[in-house]
Amino acid sequence: MFKNFFHLIGSRSLAFIEESGKIMMLLSDTVILIFRRPFNLKGIFKQMEEVGVKSIPVVLITGAFTGAVLALQSYTGFKRFNAEAFVGTVVALSVTRELGPVLAGLMVSGRVGSSMAAELGTMQVTEQIDALYTLAVNPVKYLIVPRLLAAFIMMPVLVIFADLIGITGGYIVSVNILGSNPYVYMERTWSYLEFNDIYSGLLKACVFGIIIATVSCYQGFYTQGGAEGVGKATTKAVVLSCLLILIFNYIITALLF
Amino acid sequence: MIPDIEENLIEVHDVHKSFGNKHVLRGINLNVKHGESMVVIGGSGSGKSVLIKCVIAILKPEQGEIYVAGQEIGSLEEKDLYETRKKFGMLFQAGALFDSMKVWENVGFGLLQHSKISKEEVKEIAIEKLNLLGLYHIEDLMPSELSGGMKKRVGLARAIAMEPEILLYDEPTTGLDPIRADSINELIVEMRKKIKVTSITITHDMVSAYKIGDRIAMLYQGKITEVGTPDEIKSSSNAIVQQFIQGKAEGPITQAEAQI
Ligand SMILES: Nc1ncnc2c1ncn2[C@@H]1O[C@H](COP(=O)(O)OP(=O)(O)OP(=O)(O)O)[C@@H](O)[C@H]1O
Ligand SMILES: [Mg+2]
């Protein structure tokens, strides 16, 4: 009984370490290939549209409601010690430092990570990836490089959108519903916001972009076993990218603290 | 063993390949001469597709060497491996068309990637190859809009588009009507004659095997049991070969399967 238990833990840990190693290797291969000619600009733009432009609505809705609910909640709390005037500050700091990047990251891994894993997974099980090899095209360069670059470039852009709309959401709730003074609210928002807050949020966004693209492409690229395999790869891509986003979010915050 | 470059374009030496504990190839030896059309026959699941995937280095054998034009492909640097792959064209058993691209982009994919030819010209070349295979006015369709046999022929058009030295055909005539199948056979024969293509063709179709093969090799239990010209194979005294080419349900192959 105990032996089985330890065996299970042991083999799971080994599998985990092996998988992490493989993901890192795929990432380093991809990064090296970014700089090798020919550059596939068309592919990159196509992915930027896929990852970035098409995610804007989701990210905007997420950002707006997050800012709005944050204003409501912090108003309730701050009112108890007469600090309602600082709602704007709290909304701005929470959104730019934390909620903007994390929530955008989670939404994008659901939307984009799943589609990357499903697309590459289908290509794997239908031998399209093998076909690329036979046509002397490196599939990592052709398929993964544009996705990684697109996620890396577009995540910060999405987070800027999320930040702006999140602050707007907070403003609308505070001013129009809770009756705060619009001038004071904006004053409090901008005067306490430092460059560092925005910068750390954008740094997180870049890292999350890399996580989403690498994990999802890895899961898709190494899919085995038909339609069921594609389904599993998709699930794993989303779950693993979400977990890694939360973990790395803590690590980055702790490092920049 | 030293490869005989003068004589053979492809040499397969004692290749072993397993998946998990399933030992699929158990010491394959096979030589294909310059300009020769080699046909590989064998039962379903015997490892024919695995064998040609090893030849083009999509799969890596655990043991053994494969020489293409004197170079051992398992020991090539990545860059040289991609160069060597440019010598090949491959038709996949299930087509393996890129489903996000139009038919002509599939056929012209190699040209678009590796040559400086303009898009318009690539499209023209693609249409020409498609016509050669009896496919007209489908260049702007998506692969999902094609029938199984059409997909196979588009896959074939993609394989020949770059006019490679070596062609690997995985069941080129399966799933086609007899008339189409015969025209594909003629095409394969013609390419060998006209542009001296060296090829390995996998097939179950004995009519096709006799027609296109200079030599036929039979894969059985992970090894090549017999290689010979179509006439030699027809008159082979090997009971396994005889059962297979005559397509009989009773014989040594089925007996061996029942025992496992
Ligand atoms: N990627 C893979 N992973 C695991 N097993 C595999 C893989 N590819 C092939 N096999 C196994 O190897 C064996 C040989 O497969 P292969 O596709 O070469 O057969 P085949 O001779 O081409 O058969 P058919 O005539 O039906 O196409 C099969 O038992 C198959 O299950
Ligand atoms: Mg096969």
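Numbers restart at 1 for each chain; the letters A, B, ... are given by sequence-line order, proteins then strands.
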### Task
Output the residues of residues 26-47 of chain A for which the shortest heavy-atom distance to chain B is under 4.5 Å, in residue-number order; output 'none' if no such residue exists.
A:R36, A:K42
#### Entry: Backbone N/O of B:D205 and side chain of B:T203: donor-acceptor pair under 3.5 Å
yes
#### Entry: Heavy-atom contact with chain A under 4.5 Å, split by part of B:L97
backbone
### Message
Please output the residues of residues 46-57 of chain B in contact with chain A, using a heavy-atom cutoff of under 4.5 Å, in numerical order.
### Response
B:K53, B:I56
### Task
Could you list all the salt bridge (Lys or Arg N to Asp or Glu O under 4.0 Å) pairs where at least one residue sits in residues 105-123 of chain B, not counting sequence neighbours?
B:K123-B:D140
### Message
Does any backbone or side-chain atom of A:I129 lie under 4.5 Å from a heavy atom of chain B? Answer side chain, backbone, both or neither.
### Response
neither
### Summary
Within residues 137-166 of chain A, contacts to chain B at heavy-atom distances under 4.5 Å involve A:V137, A:N138, A:P139, A:Y142
### Contact origin within B:F98 toward chain A - heavy atom pairs under 4.5 Å
both
### Query
Taking B:R215 for the side chain and B:E36 for the main chain, is one N or O donor matched with an acceptor at less than 3.5 Å?
no
### Side-chain (B:E72) to main-chain (B:G74) donor-acceptor, under 3.5 angstrom
yes
### Query
B:H114, B:E78, B:Q93: which one forms the most heavy-atom pairs within less than 4.5 Å of chain A?
B:H114
### Query
Measuring heavy-atom distances to chain A, does B:E83 have an atom under 4.5 Å in its side chain, in its backbone, in both, or in neither?
neither
